[in-house]
Amino acid sequence: MKKALITGITGQDGSYLAELLLNKGYEVHGMIRRSSSENDERIRHIKNQIKLHAGDLQDQMSIFEMIKSIQPDEIYNLAAQSFVAASWNQPVLTAEYTAIGVTRILEAVRYLGPDKIRVYQASSSEMFGKVQEIPQRETTPFYPRSPYGVAKVYGHWITLNYRESYNMYCVSGILFNHESERRGIEFVTRKISDGVARIKLGLSRELRLGNLDAKRDWGFAGDYVRAMWLMLQQDKPDDYVIATGETHSVQEFVELAFDAVGLDWKSYVIQDPAFFRPAEVDLLIGDPTKAKQKLGWQPELSFSELVRRMVYSDLQRLQGIQGTSNLGKRRAA
């Protein structure tokens with residue numbers, strides 16, 4: 001039985017990856033910070049099947065001791081300060097987790113099992129930022145436009161550096177935007193799906209957003225974690241762009257979300273300058289040719305299906321909350 005360690009296991013990607021690995025017969029371990037141990041709703045349904053360990057990417061010794069005790073075959077480093085907007089308010093913290101934290105994991109592996117442990121590093125399309133070519137591929141130069149993007153570039157290059165310097169099996173997946181109903185509520189796609197559901201149920205009257213013209217390559221998180229696993233199953237380590245090869249604007253996402261509940265988005269959406277980024281990333285679209293040819297990977301869920309799935313999930317969640325609230329009122333009466 002293979003053993004895998006997932007940092008950031010309580011996040012969107014971590015939960016889908018844990019499910020995938022359990023289905024493949026892995027013994028799954030997850031690193032959680034003390035503050036995230038209470039935020040485990042994404043993995044609550046599989047919590048009795050995985051083993052959780054306290055650790056922190058800012059603490060070298062906790063990482064070292066955790067890897068030493070688990071002796072994993074594979075490590076998936078998904079933990080980071082991953083909210084782009086917050087990286088301007090917390091640039092140093094973002095660097096500590098999203099950049100230097102990667103080095104701490106690689107250093108632990110270098111000492112404990114460089115010939116035995118395979119490492120996956122979660123890189124990001126935000127590294128391309130002010131894009132230098134369209135579409136973006138593995139050889140496209142980076143031009144990050146946020147502290148988050150800069151930190152991800154460091155994490156990407158330090159992973160490559162350790163691979164080449166110490167002959168370690170460590171790879172980076174340059175994942176373009178990938179969403180699901182498990183996405184954090186602060187991210188724009190989930191903000192839209194939740195906002196649409198609230199408007200449909202009469203819980204809200206408007207949805208305030210930033211740049212509606214920004215374009216992204218959006219896929220389904222459940223498809224993308226499959227690519228992570230495939231990268232660590234290859235004979236030789238390499239880096240891959242994971243994307244759909246399609247680009248859609250925020251406005252397109254909004255239109256599909258409101259269409260899913262039979263409403264006209266123009267009656268509810270307000271563009272608010274407060275949600276514009278200091279330096280905007282206008283267009284991201286990935287070229288997944290290498291991943292398709294070498295990994296045999298293909299995205300399965302379409303963009304329109306993804307949007308509907310997220311909206312319907314938030315509708316069900318909020319209807320459940322409404323039902324519980326009404327039940328409580330009836331009992332009190």
Side-chain angles (χ1 to χ4, degrees), residues 6 8 11-21 42 76 78 80 82-84 120-129 131 134-138 140 148-149 152 156 171-194 196 214-232 239-257 259-260 281-314:
I6 303 171
Q12 169 189 253
D13 293 5
S15 65
Y16 279 114
L17 180 60
E19 290 174 351
L20 176 75
L21 296 178
R42 296 185 183 95
Y76 297 85
L78 310 185
S82 58
F83 187 39
V84 177
Y120 170 85
Q121 164 59 18
S123 288
S124 168
S125 60
E126 288 288 331
M127 300 188 303
F128 295 120
V131 298
I134 299 171
Q136 295 86 55
R137 49 182 64 88
E138 291 80 6
T140 302
Y148 170 79
K152 278 295 185 181
H156 180 86
V171 306
S172 289
I174 308 174
L175 272 58
F176 280 63
N177 295 65
H178 46 288
E179 317 297 324
S180 76
E181 61 272 25
R182 300 181 190 178
R183 186 54 126 166
I185 201 73
E186 70 273 17
F187 290 85
V188 67
T189 52
R190 184 70 193 290
K191 181 180 179 180
I192 293 169
S193 65
D194 176 75
V196 169
K215 294 181 178 180
R216 295 291 185 271
D217 185 328
W218 275 301
F220 172 52
D223 288 337
Y224 284 42
V225 299
R226 198 163 24 88
M228 297 178 188
W229 176 78
L230 285 168
M231 287 181 214
L232 292 192
D239 305 325
Y240 297 86
V241 161
I242 305 300
T244 68
E246 300 177 4
T247 187
H248 301 276
S249 67
V250 174
Q251 182 173 316
E252 286 180 74
F253 198 107
V254 168
E255 290 174 359
L256 283 172
D259 283 346
V281 175
D282 297 313
L283 171 63
L284 291 174
I285 177 171
D287 179 1
T289 301
K290 182 179 176 181
K292 290 181 177 180
Q293 292 178 346
K294 294 193 174 183
L295 302 178
W297 177 84
Q298 289 275 2
E300 295 179 358
L301 195 69
S302 71
F303 174 68
S304 58
E305 291 170 337
L306 171 64
V307 176
R308 285 195 294 269
R309 174 177 176 144
M310 293 177 66
V311 172
Y312 295 155
S313 175
D314 276 320

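Residues Val131 and Gln136 come closest through the heavy atom pair CG1-NE2, 3.4 Å. Closest heavy-atom contact between Leu78 and Ala122: CD2-CB, 4.0 Å. Contact detail for Trp218 and Tyr224: the closest heavy-atom pair is C-OH, 4.5 Å. Scanning all heavy atoms of the two residues, the minimum distance from Ser124 to Lys152 falls at CB-CG, 4.0 Å. The shortest heavy-atom contact between Ser125 and Asn177 is OG-OD1, 3.7 Å. For the pair Ile242 and Ala227, the tightest heavy-atom approach, listed with the atom from each and the gap, is CD1-CB, 3.6 Å.
Under a 4.0 Å N-O distance rule, the pair Arg226/Glu19 does not qualify as a salt bridge.
Using a 3.5 Å distance cut-off with no hydrogens or angles, the side chains of Arg183 and Thr189 do not pair a donor with an acceptor. Defined by atom type and a distance below 3.5 Å, a donor-acceptor pair is present between the side-chain atoms of Gln12 and Ser180.
Here Glu126 contributes atom CD and Ile174 contributes atom CD1; the two are 13.0 Å apart, rounded to the nearest 0.5 Å. Distance check: Ser193 OG to Ile185 CD1 gives 6.5 Å after rounding to the nearest 0.5 Å. Met127 CE to Ser172 OG: the interatomic distance, rounded to the nearest 0.5 Å, is 7.0 Å. Taken from OH in Tyr312 to CD in Glu305, the straight-line distance is 11.0 Å, to the nearest 0.5 Å.
Under a cutoff of 6.0 Å and an axis angle of 45°, Arg216 and Phe176 do not form a cation-pi pair. A cation-pi arrangement is absent between Arg190 and Phe187 under the rule of less than 6.0 angstrom and at most 45 degrees off the ring axis.
Contact of the Leu295 side chain with the Met231 side chain is registered, since non-hydrogen atoms from C-beta on lie closer than 4.5 Å. In this structure the side chain of Asp194 never reaches within 4.5 angstrom of the side chain of Met310, judged on heavy atoms. A heavy-atom distance below 4.5 Å is not found between the side chains of His156 and Gln121. Within the 4.5 Å cutoff, side-chain heavy atoms of Tyr76 are placed close to those of Leu232. Contact of the Asp13 side chain with the Arg182 side chain is not registered, since no non-hydrogen atoms from C-beta on lie closer than 4.5 Å. Here the side chains of His178 and Asp223 are not in contact, with every heavy-atom distance at 4.5 Å or above.
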Evaluate Arg309 against Glu181 for salt bridge (Lys or Arg N to Asp or Glu O under 4.0 Å), listing each step before the verdict. CA-CA 7 Å; Arg309 174 177 176 144; Glu181 61 272 25; 2.9 Å; yes

Assess whether side chain to side chain contact (heavy atoms under 4.5 Å, CB included) is satisfied between Phe253 and Val188, documenting all intermediate values. CA-CA 10 Å; Phe253 198 107; Val188 67; over 6 Å; no

Would Lys292 and Gln298 count as a side chain to side chain contact (heavy atoms under 4.5 Å, CB included) here? Give the steps. CA-CA 6 Å; Lys292 290 181 177 180; Gln298 289 275 2; 3.4 Å; yes

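Without hydrogens or angle criteria, Glu179 side chain to Phe220 main chain gives no donor-acceptor distance under 3.5 Å. Here the side chain of Asp217 pairs a donor or acceptor atom with the backbone of Thr244 at under 3.5 angstrom. In this structure, Lys290 contributes its side chain and Arg137 its backbone to no donor-acceptor pair below 3.5 Å. Within the 3.5 Å criterion, the main-chain N or O of Val196 finds no donor-acceptor partner in the side chain of Asp314.
Every residue meeting the side-chain contact (heavy atoms from CB on, under 4.5 Å) condition with Thr247, not counting sequence neighbours, appears here in chain and number order: Lys215, Leu283, Ile285.
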